[in-house]
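Values below: all heavy atoms of this structure, side chains included; hydrogens, waters and symmetry mates excluded. Naming convention: chains lettered A, B, ... in sequence-line order (proteins, then strands); numbering from 1 in each chain. Because the structure is predicted, anything quoted here is derived from the model rather than measured.
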There are 2 protein chains.
Amino acid sequence: MIDPRIERRESKRAAIITAAWELAGRDGLAALSLHDLASTVGLRQPSLYVYFDSKMALYDALFCDGYRQLLEYTKERDYTGEPRETLVRFLRDLVEWSGADVVRYQMLFQRSVPGFEPSPASWALATEFYEVATGVLHAAGLTEASDLDLFSALISGMSSQQAANDPGGTRWSQHAERAVDMFLSAATRRRSPRKGGKK
Amino acid sequence: MIDPRIERRESKRAAIITAAWELAGRDGLAALSLHDLASTVGLRQPSLYVYFDSKMALYDALFCDGYRQLLEYTKERDYTGEPRETLVRFLRDLVEWSGADVVRYQMLFQRSVPGFEPSPASWALATEFYEVATGVLHAAGLTEASDLDLFSALISGMSSQQAANDPGGTRWSQHAERAVDMFLSAATRRRSPRKGGKK
DNA sequence: GTCTATACATCGATAGAC
DNA sequence: GTCTATCGATGTATAGAC
């Protein structure tokens, strides 16, 4: 990373990715055009192939960049500490983050680009995030598969609604605390009663 | 609707729409090709323009058809009766319905076709469904905007997870009862206590 | 209503000069 | 590393014969 040539190359790559996010936000993720993208960054379309092997490789770079942003966002927030309060913050932050950039949310969590499959390297980042998430849920006492499934649905629903219907706002993120309390009290109630739950 | 010519025309239109669902399921909604579609129904591509004014009009017909299916599905199930049990059924049915056809779910509830906007006539069907849904929620005592937002997020999340990660299965729909109980007991607890909630 | 033919645009990708 | 030039495929839409 000290070689100035590599550094310049990487910074150009980053600039292309940034421009790609903007274009995708304007025209739609699946309608992204390499010609438009190139001219946006002051290049001709074939020159993009110096930085990306194919259009799918560009999508993969976006997918990768999105998860990199998400991991950075979560890491600088430190989700350790009192479990319930941590879970509330985690949920609220995640919903807000989703609403902050609709197209980024679509790329990471919805399948809207026909034919695109993330590479194993990109999937590794996704997995890393899901490990962070399950860690926060585990700490709060959500360990059973059914609890995780249901809470993940809650996260997913609040995030997608936030992204689709109130981007940049707090219409759904503001209910993070209520949602967590509702969920945790139900989960503990289900576990403690004298007769015992199913399974 | 008695004119046999109109009837034949409508049945052909319906056949095209059915084929379009299949192709979209195979190649992706945004990658739907009119050439492929035409040859699937034994026509040449230009002949499709006898039935649809443009490709966007075809997408609109799919959107419309999807909500027509959904409304038919809900109407033949009669969501009147005991409110809590009705809400459970409504949620479970909806999540299962979403998982039964991924691409239909994407068309109706996600924005994955760049440039496509439903026509007012199609939006009217969507609105009709949302009125059914809010009716079921109202009957169960969910009337405040925040309750509706949060429960709609739950519906959305369970449906999208079902469609994305267990299409045709019951991994999320099976938790409908738990989800409703959790939600309703939280909502009533929040409303009844001596000190009173916010707002 | 269906066809052939075609216009017209766009796009992803490659070859090769500089 | 960037360019020009271009290929080849695909795609929507239209014109006009039958």
Side-chain angles (χ1 to χ4, degrees), chain A residues 1 3-24 26-63 107 112-119, chain B residues 1 3-63 107 112-117 119:
Chain A
M1 270 296 186
D3 188 331
R5 280 179 305 186
I6 293 182
E7 202 163 349
R8 277 187 62 81
R9 186 194 164 86
E10 285 309 305
S11 102
K12 192 109 187 190
R13 239 185 90 102
I16 294 171
I17 289 174
T18 301
W21 283 124
E22 283 170 19
L23 273 187
R26 201 192 60 188
D27 302 335
L29 208 41
L32 183 62
S33 150
L34 294 186
H35 283 93
D36 286 355
L37 176 57
S39 72
T40 299
V41 295
L43 288 176
R44 303 293 179 155
Q45 173 256 339
S47 302
L48 290 178
Y49 284 79
V50 173
Y51 301 96
F52 302 96
D53 290 339
S54 68
K55 194 186 186 183
M56 286 304 161
L58 170 67
Y59 280 127
D60 195 61
L62 290 177
F63 184 90
M107 170 54 94
S112 61
V113 181
F116 168 63
E117 283 296 318
S119 66
Chain B
M1 272 296 184
D3 188 332
R5 280 179 306 187
I6 293 182
E7 201 163 350
R8 278 188 62 81
R9 185 193 165 85
E10 285 308 306
S11 103
K12 191 109 190 190
R13 239 184 91 102
I16 294 171
I17 289 173
T18 301
W21 282 125
E22 283 169 20
L23 273 186
R26 202 192 59 190
D27 302 334
L29 209 41
L32 183 63
S33 151
L34 294 187
H35 282 94
D36 286 356
L37 176 57
S39 73
T40 298
V41 294
L43 288 176
R44 304 291 180 160
Q45 173 256 340
S47 303
L48 290 179
Y49 285 79
V50 173
Y51 301 95
F52 302 96
D53 290 340
S54 68
K55 193 186 186 183
M56 287 304 160
L58 171 65
Y59 280 127
D60 195 61
L62 290 177
F63 184 90
M107 170 54 96
S112 61
V113 181
F116 167 63
E117 283 296 318
S119 67

- prompt: How would you label the contact of A:Tyr51 with the nucleic acid (heavy atoms, under 4.0 Å): base, sugar-phosphate, or nothing?
  reply: sugar-phosphate
query: Does the pair B:Leu58 and B:Leu37 meet the rule for a side-chain contact (heavy atoms from CB on, under 4.5 Å), with working shown?
result: CA-CA 11 Å; B:Leu58 171 65; B:Leu37 176 57; 3.5 Å; yes
Whole angstroms only, please: what is the [atom1]-[atom2] distance between [X] and [N]?
X: A:Leu43; N: D:dG1; atom1: CG; atom2: C1'; result: 9 Å
X: B:Glu10; N: C:dG1; atom1: CD; atom2: P; result: 10 Å
X: A:Arg13; N: D:dT2; atom1: CZ; atom2: P; result: 14 Å
X: B:Leu37; N: D:dA13; atom1: CG; atom2: P; result: 13 Å
X: B:Arg44; N: D:dT10; atom1: CZ; atom2: P; result: 16 Å

message: Walk me through whether A:Asp60 and A:Phe52 qualify under side-chain contact (heavy atoms from CB on, under 4.5 Å).
response: CA-CA 10 Å; A:Asp60 195 61; A:Phe52 302 96; over 6 Å; no
Taking every non-hydrogen atom, the tightest pair across [X] and [Y]:
X: B:Leu32; Y: B:Tyr59; answer: CB-OH, 3.8 Å
X: B:Ser112; Y: B:Ala30; answer: O-CB, 3.7 Å
X: B:Leu23; Y: B:Ser33; answer: CD1-O, 4.5 Å

task: Treat primed atoms plus P, OP1 and OP2 as sugar-phosphate and everything else as base, then score nucleotides 11-18 of chain C 5' to 3': B for base contact with protein heavy atoms under 4.0 Å, S for sugar-phosphate contact only, - for none.
output: SBBB----
Under-4.0 Å side-chain N/O to phosphate OP1/OP2 contact, A:Ser47 with D:dC3: yes
query: Does OP1 or OP2 of C:dT2 have a side-chain N or O of B:Lys12 closer than 4.0 Å?
result: yes
message: Test side-chain contact (heavy atoms from CB on, under 4.5 Å) on B:Asp36 and B:Asp27; report intermediate values, then the result.
response: CA-CA 10 Å; B:Asp36 286 356; B:Asp27 302 334; 4.1 Å; yes
